[in-house]
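Notes for the one structure printed next.
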Amino acid sequence: MGYIGRREAAPIIVEGLKKLEYRGYDSFGIATIGNGIELDKHQGRISDSSHSAGHLKGKIGIGHTRWATHGVPNDINAHPHTDCLNQIAIVHNGIIENYADLKRELILRGHTFRSETDTEVAAHLIEEAYESEKDLLSAVQNVVPKLKGSFALLIISKGVDQIIAARYASPLVLGVGDGEFFAASDMTPILDYTERAIYLEDGDIACITPVTVEIFNGKNQVQRPVELVDWSIEDTRKGGFAHYMLKEIYEQPQAFYNSVRAITRETIPAPIRNPESVTVVACGSSYHAGLIFKYLLEDSCAIPVRLDFASEFKYFSPPIKGVVIGISQSGETADTLSALKQAKGHNCTTLAIVNVLGSTISRIADFTLFMRAGPEISVAATKSFIAQLAILMQIIDFIGDGEYEEVLLSGHRAIEEVLLMDLSGAVELCRNANSIFFVGRGPFYPVSLEGSLKMKEISYIHAEGYAAGELKHGPFALLSKETPVVAICMPGETYGVMISNIKEMKARGAPVIALGEQGDLELSDVVDIFIPLPETHPFIQVLTSVVVLQLLAYHTAVALNRDVDKPKNLAKSVTVE
Ligand code: M6R
């Protein structure tokens, strides 16, 4: 986060960093230009401290909240980093891949390093370039081509009334105020002040003063449009909920409805309406949404779908052709971005499904469909997952003959119904477990993967999602009365075989929590805890079962006193490979 303008910078940056903390939260720091470079850095979370940085003076400043890559989280490795003379301060997102070589050369030239970070090399390189160039912008323009990897950089220097911002493969947006500018990784902290945004492109270097911004790509000056962001400041607040995650779970009926409504036959690009085959690339929850899509599209339209973890795709990509869909809430996930670039290299038509306007993935894809989930702050993906499914189900509907239109337009009502479900019995079983299995068949298999991801991510209980028929091929050895199984058993082709699987698990002592259709006595009779879901279309039962599993993970995590919105070791946008 950076600020330059007519107000004191430090308090604005402190508040901004609190909003950006979901991107990384092991340490934080701020630098302002007051009496020289004034610096304050700490291990830990800015939101846990009563930190105001009030002692830092000046109307120009930069700050950072860190997710460690190079060097443990401590005060010294926290950003900003400075040069030998403490005249230049820099914050950095991303990774400088060639930092080791650069550091070696800088040390040979007499520079002294304080931290273990990759970032500090940039501070020393700019120090050298500034000495010869005597101009901060030119110094950064000289240094940036030497850096390999990904970076969003903000740089300030003693005696210079500017912030220099540089971007390559890591997001950076400028907020345009009245006699002031903001810079941040996303718009969340800027919305307090302005809705006007300039999204920097790869290779851009911006020279910002309180009243002007000049943007260069390399050394050539370029124009970037000022765009209006349609998220409101209210969307970024907790609104009376104990956690962002709970608020976002409750926003799902609206997120689903809005996302369904946003997609019409006309908004779906022509190559996507009639594909011979589709490849999907994504990570984490977005990958699970892709797997649900694979089951549903292949079943409804007999169109083959190939699904890859984006992190694998770049290095082991198959001989792909046709349409490649990248799914990403943030639109910044480095692996998904690389996979889509790879697909473009194969001359594939690329479609991005993302939530964040102006995000990098939306910019590089041939076509983008935006989810209408609104800002998602909690690290665990919830409403974005439901919004992804809304769009993917709409695509299926338009590839097919439109038979799901009514179903999708009313799906939000079933989601509303399950929000208030009492899960206390299931939570009690889960909170005492060492390990939990989640199982399902067909599209409910990826639902089980998603349920297990949510559980392990926020409750820290080991959990695994499995295709229900696979448990007997190994994991049965782990079943015991301490290992609950959460089974999703909805009516349909696999109902009978699911009941058999559940009985096999019961016979091995595992307590079973089953999600089934309300009124299903056969199922409720064989399981320990029965969670009834509304009787509705199978597409919508996918949604309601996901929502119940999100709530199960949420309440289990709360019962265990976990940090629900900011689970340990994680960050919301993973902008490194
Ligand atoms: O922003 P993306 O959808 O690309 O993020 C992908 C994953 O990092 C993300 O879904 C992650 O798995 C979530 N924290 C899971 O809740």
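One-based numbering, in listed order, for ligands and for the atoms of each.
Counting atoms of ligand 1 from 1 in the listed order, those under 4.0 Å from a heavy atom of Ser328 are 1 (O), 2 (P), 3 (O), 4 (O). The ligand atoms of ligand 1 that sit less than 4.0 angstrom from a heavy atom of Ser286 are 2 (P), 3 (O), 10 (O). Those atoms of ligand 1 with a heavy atom of Lys454 less than 4.0 angstrom away are 15 (C), 16 (O). The ligand atoms of ligand 1 that sit less than 4.0 angstrom from a heavy atom of Ala380 are 16 (O).
Only the side chain of Glu457 comes within contact range of ligand 1, with a heavy atom under 4.0 Å; no backbone atom does.
A salt bridge is absent between Glu21 and Arg45: the closest approach of a Lys/Arg side-chain nitrogen to an acidic carboxylate oxygen does not fall below 4.0 angstrom. Salt bridge Lys568/Asp563: absent, no basic N to carboxylate O contact under 4.0 Å. Ion pair Arg413/Glu417 not flagged as a salt bridge, since none of the NZ, NE, NH1 or NH2 atoms sits closer than 4.0 Å to an Asp/Glu carboxylate oxygen. Classification of Glu227 and Arg363 as a salt-bridged pair holds, one side-chain N sitting under 4.0 Å from a carboxylate O. Classification of Asp565 and Lys572 as a salt-bridged pair fails, no side-chain N sitting under 4.0 Å from a carboxylate O. The pair Glu450-Lys454 counts as a salt bridge, with a side-chain nitrogen and a carboxylate oxygen less than 4.0 angstrom apart.
The distance criterion of under 3.5 Å between nitrogen or oxygen atoms is not met by Leu453 with respect to ligand 1.
Using modelled atom types and a 3.5 Å distance limit, the side chains of His64 and Asn93 yield a donor-acceptor pair.
In this structure, the protein non-hydrogen atom closest to atom 15 (C) of ligand 1 is Ser285 OG, 3.1 Å. If you check which protein heavy atom lies closest to atom 8 (O) of ligand 1, you get Val574 CG2, 4.2 Å. Among all non-hydrogen protein atoms, the one lying nearest atom 5 (O) of ligand 1 is Thr333 OG1, 3.5 Å. Among all non-hydrogen protein atoms, the one lying nearest atom 1 (O) of ligand 1 is Ser330 OG, 2.7 Å. For atom 6 (C) of ligand 1, the nearest non-hydrogen atom of the protein is Cys283 O, 3.4 Å.
Between Phe182 and Tyr193, the ring planes are parallel. Angles under 30° get that label, and only those over 60° would be called perpendicular.
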